[in-house]
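Labels below follow one simple rule: chain letters A, B, ... track the order of the sequence lines, proteins then strands, and each chain is numbered from 1.
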2 protein chains.
Amino acid sequence: MKKLLNDPADVVVEALAGMAAAHPDRLDVDLEHKLVLRAGGPVQGKVALVSGGGSGHEPMHGGYVGTGMLHAACCGEVFTSPVPDQILAATQAVDGGAGVLHIVKNYTGDIMNFEMAAEMAAEGGGAQVASVVTDDDVAVQDSAYTTGRRGVGVTVLLEKIVGAAAEEGRSLEECLALAQKVNGQGRSMGMALTSCTVPAAGKPTFELGEDEMELGIGIHGEAGRARVPLAPAREIAEDLLGPVVADLGLARGESVIAMVNGMGGTPLLELYLMYNEVHRILAAAGVTVARNLVGNYITSLEMAGCSVTLLRADDELVRLWDAPVDTPGLRWGV
Amino acid sequence: MKKLLNDPADVVVEALAGMAAAHPDRLDVDLEHKLVLRAGGPVQGKVALVSGGGSGHEPMHGGYVGTGMLHAACCGEVFTSPVPDQILAATQAVDGGAGVLHIVKNYTGDIMNFEMAAEMAAEGGGAQVASVVTDDDVAVQDSAYTTGRRGVGVTVLLEKIVGAAAEEGRSLEECLALAQKVNGQGRSMGMALTSCTVPAAGKPTFELGEDEMELGIGIHGEAGRARVPLAPAREIAEDLLGPVVADLGLARGESVIAMVNGMGGTPLLELYLMYNEVHRILAAAGVTVARNLVGNYITSLEMAGCSVTLLRADDELVRLWDAPVDTPGLRWGV
C-alpha cells in the first residue's frame, strides 16, 4: 500500500486535524467526535444541515461545510458509517432552534445510525430533526451495502441547493420538501478503471483486469452493472448517460445541472474530455446544461474513473445553485 | 493504459473542447492554437499575463485563466512545450496595449519557445513583452529537461499574485518586478509514490518498487534527489520541508503562503493529512502560515504523491493573494 499516512488507524483524525489547521477562520473541527463544523457556533433561527458518512469521499462531506452549504459533517472511518453518538453531537452542536435536516446517502449503516441519532436528539425536547435520503444511482437496484438505489453524486448538488435555501431562512418543512425534490430530480451513474485501497485493509478492494472497467461502480468499490472491456471515452459517456437520461425521462428542451465527477485518481484533463462527450450527447438530445461541475467532488480514495450526475433544472434550483457558497470544496459569490 | 480518452493523439484538443463547453461565459478556447483565453477579448490599458507549458498539469495553466489571474494559457501536448506560434497567437490575442508578461517555468523547451515568440511579437512594433522564469524547485540543480532549477509550484502562486497586480493596473515593469520577487521568495519540493502514463507513450514514465518513493520528483516524472524506502507522512513532510525552509532561510517569526499540492492521483484525505504535518513542522519552527492551499493545483496526470511550496509572505503579497479571482481552478471574492 502506497499512501501518504502515518498509522492507518489515524488517517481520518489526522486529516481532520489538517483541515482544522488549513481553515481555522471558517471551520471548527471536533476531533473527539470527528466532526467538521462551521466556525462561530449555531446559526440562531435558521435550519441547520448535517450530513456525513464514511471518509474517503473528500471533499464530500467535510469540504462542504460553510456558509451557504452544510453546518456540520460527521466523518466515519474510511468507507464506514459514522456512529449515532457522532451524529447526535453534530445535531446538538448546530441546532439554532429552527430544526436540523439530516442529509443521508442510502447506505444501510448510514440510514440506521442517522435514524438512531435523530431519535436521541428528539428525546426530552431536543432538536427537531427531519431527514432526506438520497438514492440517485441508477446503476443497480440493491447492492452490497444498500437496499434500493445508492445515494451518490446528487448529494453534493442537494447540499449546495438546500444549503442556500436554509441560508434564506426557509423552514425545516420547506428545506425537507426542497431536498426531496432535488433527490427526485437527480440521477447518477459511475464507472471505475481501477480499484482503490482502504488504508486499514492495505490491499485493493477489488481487482480489475488491464483491459477491463466496471460500469455502475459504487463509491466504495461495490460491484456495478457489468464488468466490460475498456472502451473509448465517447462510448463510456453513452453508457453512463443513457440510463441516467432514460430514468429521468429527460425530454428535448429541458435543462439540467450536470456534474462530471472524478473518482479521485483520474486527471482533470480526462474529466474535461469526458465533459466534452457528455455535453455533446446532451446537446444532440436537445438538453441544455444550465450549470456544471467538472472535477473531484465525491471520490473513492484514489480510484480512477468518473461518474455523471444530472439534475433536472428549473429557475428556482438554478437561482439557489448560484447563491453564494463559502466552503473549502465549493466557493463562489463571496 | 487505462484512461478516459478516445484517440491518445486527441487528448489535449478534446479536453480543451470540454473546457470550452464547461465555461462558455468565462473562457474562449482557440482549438486551432490550443489556447485558453479570457472571454471578452483583450483588456485595454492593462498588462496581460500569458503562461503555458505542456498539458497534463491541470488545472495549471488553462484552469487559471480568468479575472484576477491569467489572460491566456498556451497548452502544449502532454508534457511537451507549446510551440512559438501558439505563444505568439496568445500574446497577440490578449495584448491590450500595456504589454504582456510571459510566465515561463524553467524547462529548456519552454524557455526557448517563449523567447522566440516574444521576439516575433516585438517585430514590427507588436506587443511589448517581458518574461519571468520560475525556478523554485530545490530538489535538483539541473535535470533531464532543465538547466538550473525547475519551475514548479510557485508558478501557481505567482500567477495569482501578479494577476491581481495586473488587475490593479500596474505597469509591465511593476508586474515583472513583482513576479521576480515572488519567484525569488518561493521554493518547492515534491515526491512521488507512483509514476504516471503519458497517453501517447501508453506505458508508465518510470517504475517504482512497491516499497519505494522518489524524493524530489519533477512534474514530468524526471528523477529527483533520491529513490528511498517508503516512509511515514511525518518523515516525508520533514524530507520535503527541510530543504525548502533551509533554502529560503526562513527564520522564526516569519510567515508564508503554503501550498500542499497533490500530483493528481493522491486523495484529498492524504493531502490534508500531509498539511497537518507541514503545519506542525512550521509551527515548531516559529513560522506562521498566513494563507494556504491544499489540493490538486499543479499535477502530473495521475501520479500519486505531493509537493510542498512555501512563499515568504508580506502584507503586499497577502493582500494581492486575497484579491478576487474568478477562474475554474481558483475562485474567491466574486
Side-chain angles (χ1 to χ4, degrees), chain A residues 2-7 11-12 14-22 55-56 58-59 63 78 193-194 196 208 210-211 213 230 232-234 236 260 264-280 289 292 294-296 299 301-302 304-306 326 328 331-334, chain B residues 2-7 11-12 14-22 55-56 58-59 63 78 193-194 196 208 210-211 213 230 232-234 236 260 264-280 289 292 294-296 299 301-302 304-306 326 328 331-334:
Chain A
K2 301 187 94 170
K3 287 179 178 287
L4 299 171
L5 48 75
N6 296 301
D7 186 329
V11 167
V12 173
E14 290 183 9
L16 286 173
M19 283 200 82
S55 293
E58 291 68 24
V78 174
L193 293 167
T194 68
C196 59
L208 265 178
E210 255 315 294
D211 297 321
M213 60 179 180
L230 200 56
R234 66 175 67 92
I236 295 172
V260 170
T266 283
L268 192 52
L269 190 74
E270 295 175 37
L271 297 178
Y272 272 114
L273 188 151
M274 280 299 296
Y275 184 77
N276 189 45
E277 301 298 340
V278 166
H279 192 269
R280 180 184 54 74
V289 181
N292 67 78
V294 182
N296 292 329
T299 61
L301 296 169
E302 73 281 7
C306 71
D326 186 14
R331 190 171 178 188
W332 57 72
V334 282
Chain B
K2 301 187 96 171
K3 287 180 180 286
L4 298 170
L5 49 75
N6 297 302
D7 186 328
V11 168
V12 173
E14 290 183 9
L16 286 173
M19 283 199 81
S55 294
E58 290 69 25
V78 173
L193 293 168
T194 67
C196 58
L208 265 177
E210 255 316 293
D211 297 321
M213 60 179 179
L230 200 56
R234 66 176 66 90
I236 294 172
V260 170
T266 284
L268 193 52
L269 190 76
E270 295 175 35
L271 297 178
Y272 272 113
L273 189 151
M274 281 299 295
Y275 184 76
N276 189 45
E277 300 298 340
V278 166
H279 192 268
R280 180 184 55 72
V289 180
N292 67 79
V294 182
N296 291 329
T299 62
L301 295 170
E302 73 281 5
C306 72
D326 186 13
R331 191 172 178 187
W332 58 70
V334 282

Which atoms form the tightest heavy-atom contact between [X] and [Y], and what is the distance?
X: Glu58(A); Y: Leu268(B); answer: CB-CB, 3.9 Å
X: Leu269(A); Y: Ser55(B); answer: CD1-CB, 4.4 Å
X: Val294(A); Y: Ala22(B); answer: CG2-CB, 4.1 Å
X: Tyr272(A); Y: Pro328(B); answer: OH-CB, 3.9 Å
X: Gly18(A); Y: Tyr275(B); answer: O-CD2, 3.6 Å

Give, as side chain, backbone, both or neither, the part of [X] having an atom under 4.5 angstrom from any heavy atom of chain A.
X: Leu230(B); value: side chain
X: Val278(B); value: neither
X: Met274(B); value: side chain
X: Val334(B); value: backbone
X: Asn296(B); value: side chain
X: Leu5(B); value: both

Less than 4.5 Å apart, side chain to side chain, heavy atoms only: is that true for [X] and [Y]?
X: Thr266(A); Y: Leu4(B); answer: yes
X: Lys2(A); Y: Leu208(B); answer: yes
X: Glu302(B); Y: Glu302(A); answer: no

- For the side chain of Asn6(B) and the backbone of Ala233(A), is there at least one donor-acceptor N/O pair under 3.5 Å apart? yes

- Task: Heavy atoms only, distances under 4.5 angstrom: which of Ala15(A), Pro267(A), Pro232(A) has the most pairs with chain B? Name it, please.
- Result: Ala15(A)

- Query: Taking Gly265(B), Ala20(B), Ala21(B) one by one, which has the highest count of heavy-atom pairs under 4.5 Å against chain A?
  - Reply: Ala21(B)

